[in-house]
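Please read the structure below before turning to the comments.
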Amino acid sequence: MTTPDRVHPAWLPPEAFRAIGSRRTLVLGDGLLAETVHDEVAQASARYGGSVRRAGDGPYDLVLALTTAEALPGVAGEVRPDSAIGDEGYLLARRDGVTVVLADEPAGLLYGLFHVVRLGERAFAGERPAEHHRPAVRRRMLDHWDNVDVHPVMGQVERGYAGGSVFWRDGAPRGDLVRVRAYARLLAACGINAISVNNVNVHATEAHLLTDRLGDVAALADVFRPYGIRVHLSVSFASPVVVGGLPTSDPLDEDVRKWWADVTGRVYDTIPDFGGYVVKADSEGQPGPFAYGRDHADGANLLAEALAPYGGVVHWRAFVYNHRQDWRDRSTDRARAAYDHFAPLDGRFRDNVILQVKHGPIDFQPREPVSPVIAAMPATRVAVELQVTQEYTGQQRHVCYLAPMWREVLGFRPWGADGSDVADLVGGGDLVAVSNVGDDPYWTGHPLAQANLYAFGRLAWEPRLDPVAILDEWIDLTFVPAATGDTERLRRTLHEIMDDSWRTYERYTAPLGVGFMVRPGHHYGPDVDGYEYTPWGTYHFADRDGVGVDRTRATGTGFTGQYPPPWSEVYESLADCPDELLLFFHHVPYGHVLRSGSTVIQHIYDTHFAGAEQAAEAGRRWEEAVGLFDPALHARVKDLLDEQVRCAEEWRDQINAYFFRKSGVPDAHGRRIP
Ligand code: GCW
């Protein structure tokens, strides 16, 4: 049940259960997840000398009870509310020396248990008035871009930076269900309740997971189930042809509809709590409805209709754009694509279709505006997709704590200060992220990248949490319980290195929101013109006079018009556009003066010198912290920081040299630009 040997326990080291395990606990209620709760406490009790019972008079220090239990003992009965606690919610209270977790459903007990784990000894001190906790977001989902077969270019895990897959290896299930169970447990502890187990680019072997290899998916579902996590599957839109032997996948074809209905029926016979399908269609070469002259609503509704009888959902991705664009064509703007494709379809999707929209209009860059699609489809269920795997943010070789970026996305108010924010819009709905986990002993390659996975789960549960507070939680679970040295210094070190690491990364990479400038293909390290004359639609248009993409309505691609006011006006205006997004929206001369007072060119130099220096400073901080961390973990992070420092200097020098050569403008401070 706990972590397998040689695998890092991440945020659930045995010591995190000491407070619970050394006490007397009552677990009251039935159901699979109540069993899980009991087993967790039993395991901790066996280790730390406490006890756990399923019935009987106390005394108890901790009572975890379902409100449906026949008779709630003592304090549990007293704090029971009149109103519903809700499916996954729980009530936490402490009175007269007893800590109580009450839930209507077993899932709530499980989340309540992990809350008590987070509190540790604090859960058993003083009094605690009843607090009602429930997730803001209903489906908190991770997508794995894991291939069953090793893909010739993308490998076992597309954009995976943590070794192989935890699910698949060389064309078959990996078979290490102990590891999968440990993973399920980590995910439940941070609030995740849905997972898609294969890549959205569905290749030949993976297409069979839907049919003759469904048993492989069912085996995973069995392991995730006790932790309240439902399994979803990425499917090919061409499945009727590819695995069904039909001549067409036309969504309006009767045989195709029947095929999906039959296949989906079999999926639910095998996995009764199956979550649904994830689909990348008509995107980067994946098949879709366009081949038949149909649109995305026709396509999505086809699958939704098949899933509806069982309560399943389709996550239909909005990442649709022309990846064979002619770079000479200045009128095509990739940023516009998702909105242009999907906004006109608002109102046409069945209600079990969830349109899954990347948080930015392009592709998970370190800085993008929030996608205008999120606000453009009031009659459609919209999920926001984040990327925990660090494709464009240092590939788990760089420290880049992403929660501050996600927090900004979730806090963005598309209609201005008085309107809803993105957290409101996904509230009650879906938040999805691409996982950063692999079969690496630290799960995420870079041990500190675990924090991103943890933070995603916590933000999905409670989108208004403060990223620094989440980091504190993660540190206190992961490192402090087993630490022997100066825990204050340990905390401080991690905060110094991680709190601002996303902005540090932003400083030494592509400037002012312009994006990309990465090596084509693998996307690691600098290559300023790497994508400039390619079909991918990701350009910066730097010349001797200036840089940036004109996306205004007045003179550019008109993308600013996809936002409602005030942002349509703010982004349109050179004077009002936020500095960090200036080059996303405008093409400006190097001498253009930013709101900060600096010129664009001087800003580029300053941030690149500063960013590389901050990376070096993080490296020094970490070296000073030797002795505070497990030696193997310390050594791994040290090696990675060395690489980060090297790479940050490379970024600094390439970007600075490039813009110095283009512009001829010297650095105001006379620093060395190669
Ligand atoms: O960011 C891009 C990645 C692709 C990925 C695609 C997507 C799974 O480079 O590797 O494909 O996005 O989100 O579909």
Side-chain angles (χ1 to χ4, degrees), residues 141-162 165 167-168 195-207 232-237 277-288 296 299-300 314-325 334-335 337-338 341-342 354-368 371 373 383-396 400 402 405 431-438 509-510 515-525 527 530-531 534-538:
M141 180 164 175
L142 272 184
D143 282 4
H144 275 254
W145 287 353
D146 297 18
N147 298 316
V148 177
D149 268 333
V150 177
H151 185 271
V153 180
M154 288 300 169
Q156 190 80 68
V157 180
E158 182 153 348
R159 310 308 178 184
Y161 312 104
S165 163
F167 304 136
W168 319 104
I195 192 160
S196 153
V197 295
N198 65 308
N199 190 0
V200 291
N201 290 325
V202 182
H203 307 293
T205 301
E206 294 76 7
H232 297 238
L233 190 66
S234 293
V235 298
S236 167
F237 191 76
Y277 300 139
V278 180
V279 190
K280 171 175 177 177
D282 288 316
S283 166
E284 299 184 334
Q286 292 297 303
H296 282 270
V314 187
H315 287 93
W316 190 268
R317 296 180 80 234
F319 183 61
V320 177
Y321 69 100
N322 178 4
H323 71 289
R324 298 210 177 96
Q325 178 180 334
R334 176 165 163 183
H341 282 293
F342 287 95
I354 296 156
L355 187 68
Q356 186 166 314
V357 183
K358 288 192 184 188
H359 67 81
I362 303 262
D363 195 3
F364 296 138
Q365 297 306 292
R367 175 74 71 173
E368 288 188 43
S371 167
V373 178
V384 174
E385 181 181 308
L386 308 172
Q387 196 182 42
V388 188
T389 194
Q390 290 172 238
E391 176 177 2
Y392 294 102
T393 50
Q395 305 204 343
Q396 280 132 262
C400 187
L402 292 165
M405 171 165 85
L431 197 62
V432 183
V434 184
S435 175
N436 63 348
V437 160
T509 55
F516 280 84
M517 301 191 171
V518 292
R519 291 254 167 217
H522 60 61
H523 299 162
Y524 185 75
D527 187 344
Y531 273 104
T534 71
W536 292 95
T538 50

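FYI, side chains are in, hydrogens and waters are out, and symmetry mates aren't considered; it's all heavy atoms of this structure. Count residues from 1 along the sequence. We count ligands from 1, going down the list as the structure has it; atoms in each ligand are counted the same way.
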Gap separating the CD atom of Glu158 from the NE2 atom of His151, nearest 0.5 angstrom: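 So the gap between those two atoms works out to 7.0 Å.
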
Ring centres under 6.0 angstrom apart (His522, Tyr161):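 No, the ring centres sit 6.0 Å or more apart.
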
Whether Trp536 and Tyr321 hold their rings parallel, tilted or perpendicular, with breakpoints at 30° and 60°: tilted

Which residues share a salt bridge (charged side-chain N to carboxylate O under 4.0 Å, His left out) with Arg367, sequence neighbours left out: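 Arg367 satisfies salt bridge (charged side-chain N to carboxylate O under 4.0 Å, His left out) with Glu408, Glu506 only.
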
Amino acids contacting ligand 1, non-hydrogen cut-off under 4.0 Å: Trp145, Glu158, Arg159, Asn199, Val200, Asn201, Lys280, Glu284, Arg317, Phe319, Lys358, Asp363, Glu391, Tyr392, His523

Side chain to side chain donor-acceptor pair (under 3.5 Å), paired with Glu385, selected from Arg317, His359, Lys358: Arg317

Student check: side-chain heavy atoms of Val278 and Asp143 closer than 4.5 Å: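 They are in contact (side-chain heavy atoms under 4.5 Å apart), so the answer is yes.
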
